[in-house]
Amino acid sequence: MTAKECITGRRSIRQFTDQPVSHEILSQIVETASYAPSWKHTQIVRYIAVEGELKQKLSKCTSGYPKNGEIMENAPMVIAVTIIKGRSGFERDGSYTTNRGDSWQMFDAGAASEAFCLAAYEHGLGTVIMGIFDQEEASALLHIPEERDLIALIPIGYPAESPAAPRRKSVEELLSFQE
């Protein structure tokens with residue numbers, strides 16, 4: 001599979017089969033995702049694989065958006081994407097490196113999450129990145145330490161659907177040149 005095939009073929013999957021996700025395959029996915037770029041190579045992203053009863057409890061942390069809870073319930077596993085706070089975008093003395101403050105943390109989490117999803121797709125797995133959930137409740141349930149922040153939840157499993165690609169903006173809309 002070429003990079004283009006992987007990027008253009010991957011879809012957000014919201015329905016999964018009952019087939020469990022192998023811990024060995026998950027380890028391979030995380031190993032691949034570890035090559036995502038990060039601020040000054042800080043590699044602040046950490047993953048927590050949530051299964052079984054804890055996953056069912058996590059699916060209730062939907063912040064008034066029950067559809068996300070249904071998707072998590074249906075998936076055999078949910079990946080909690082966390083970051084180590086205070087490293088990406090910071091100098092060693094704790095000051096910000098740029099006027100963007102701690103925004104680089106989210107940039108790094110986004111790059112790592114997409115790398116994770118593409119690596120999962122290469123293994124025949126489907127994913128969807130979720131940002132609508134009760135962060136405080138989910139963090140408490142997962143015992144996220146104070147020095148980390150819960151950024152996203154990614155249900156993962158073998159797809160039970162093959163959604164069509166949504167319409168994309170044209171290159172002319174997305175790209176401009178300046179001299």
Side-chain angles (χ1 to χ4, degrees), residues 1-22 25-26 28-39 44-51 55-56 58-83 88 100 103-135 137-138 142 149-178:
M1 174 181 316
T2 67
K4 183 174 183 174
E5 289 168 335
C6 191
I7 293 167
T8 60
R10 192 209 68 80
R11 299 283 176 275
S12 291
I13 301 297
R14 293 173 177 86
Q15 295 178 17
F16 303 92
T17 69
D18 292 337
Q19 183 178 350
V21 176
S22 151
I25 289 175
L26 182 62
Q28 292 171 19
I29 291 166
V30 170
E31 180 183 15
T32 300
S34 75
Y35 283 84
S38 63
W39 175 272
I44 62 167
V45 174
R46 300 294 184 270
Y47 306 93
I48 301 168
V50 184
E51 300 174 292
K55 179 189 67 87
Q56 295 306 320
L58 183 63
S59 73
K60 306 301 182 220
C61 303
T62 57
S63 197
Y65 195 72
K67 184 67 177 165
N68 279 356
E70 293 170 23
I71 296 166
M72 286 190 277
E73 282 180 19
N74 179 258
M77 180 184 286
V78 174
I79 303 299
V81 179
T82 70
I83 59 157
S88 183
R100 298 216 183 260
S103 298
W104 288 105
Q105 296 176 138
M106 292 300 282
F107 184 89
D108 285 0
S113 294
E114 179 63 4
F116 179 93
C117 290
L118 291 171
Y121 178 68
E122 181 182 35
H123 284 276
L125 292 158
T127 56
V128 60
I129 301 172
M130 295 181 166
I132 302 174
F133 57 91
D134 186 319
Q135 185 180 15
E137 185 180 358
L142 298 174
D149 207 359
L150 177 60
I151 301 298
L153 298 173
I154 304 176
I156 183 171
Y158 291 91
E161 63 177 345
S162 297
R167 190 185 74 74
R168 301 292 184 208
K169 295 183 183 322
S170 70
V171 172
E172 293 74 26
E173 229 179 316
L174 299 172
L175 176 64
S176 64
F177 292 91
Q178 295 184 4

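Just so you know, residue 1 is the first one in the sequence shown, and it goes up from there.
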Do the non-hydrogen side-chain atoms of [X] and [Y] ever get within less than 4.5 Å of each other?
X	Y	value
Asp149	Gln135	yes
Met130	Lys67	no
Thr127	Phe16	no
Phe107	Arg100	no
Ile48	Leu150	no
Ile29	Ile156	yes
Leu174	Arg168	no
Cys117	Ile129	yes

What is the minimum heavy-atom distance between [X] and [Y], and which atoms define it?
X	Y	value
Arg10	Ser12	NH1-N, 3.6 Å
Ser88	Asp108	OG-OD2, 2.7 Å
Gly124	Pro159	O-CD, 3.4 Å
Arg11	Ala165	NH2-CB, 2.9 Å
Ala33	Tyr47	CB-OH, 3.6 Å
Ala160	Thr17	CB-N, 3.8 Å

I need the single residue from Ile151, Ile44, Val45 that forms a side chain to side chain contact (heavy atoms under 4.5 Å, CB included) with Gln105. Which is it?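 When side chain to side chain contact (heavy atoms under 4.5 Å, CB included) is applied between Gln105 and each of Ile151, Ile44, Val45, only Ile44 qualifies.
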Would you say the side-chain atoms of [X] pair up with the backbone N or O of [Y], donor to acceptor, closer than 3.5 Å?
X	Y	result
Ser113	Gly110	no
Glu161	Gln15	yes
Lys55	Pro76	no

If I take atom [atom1] from residue [X] and atom [atom2] from residue [Y], how far apart are they, to the nearest 0.5 angstrom?
X	Y	atom1	atom2	answer
Leu26	Met77	CG	CE	5.0 Å
Leu125	Ile154	CG	CD1	12.0 Å
Tyr121	Met1	OH	CE	5.0 Å
Thr62	Glu137	OG1	CD	8.0 Å
Ile71	Asn74	CD1	CG	8.5 Å
Glu73	Lys60	CD	NZ	4.0 Å

Would you say CD of Glu173 has more than 12 non-hydrogen atoms from neighbouring residues, nucleotides or ligands within 6.0 angstrom?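 Enclosed: over 12 neighbouring heavy atoms sit under 6.0 Å from CD of Glu173.
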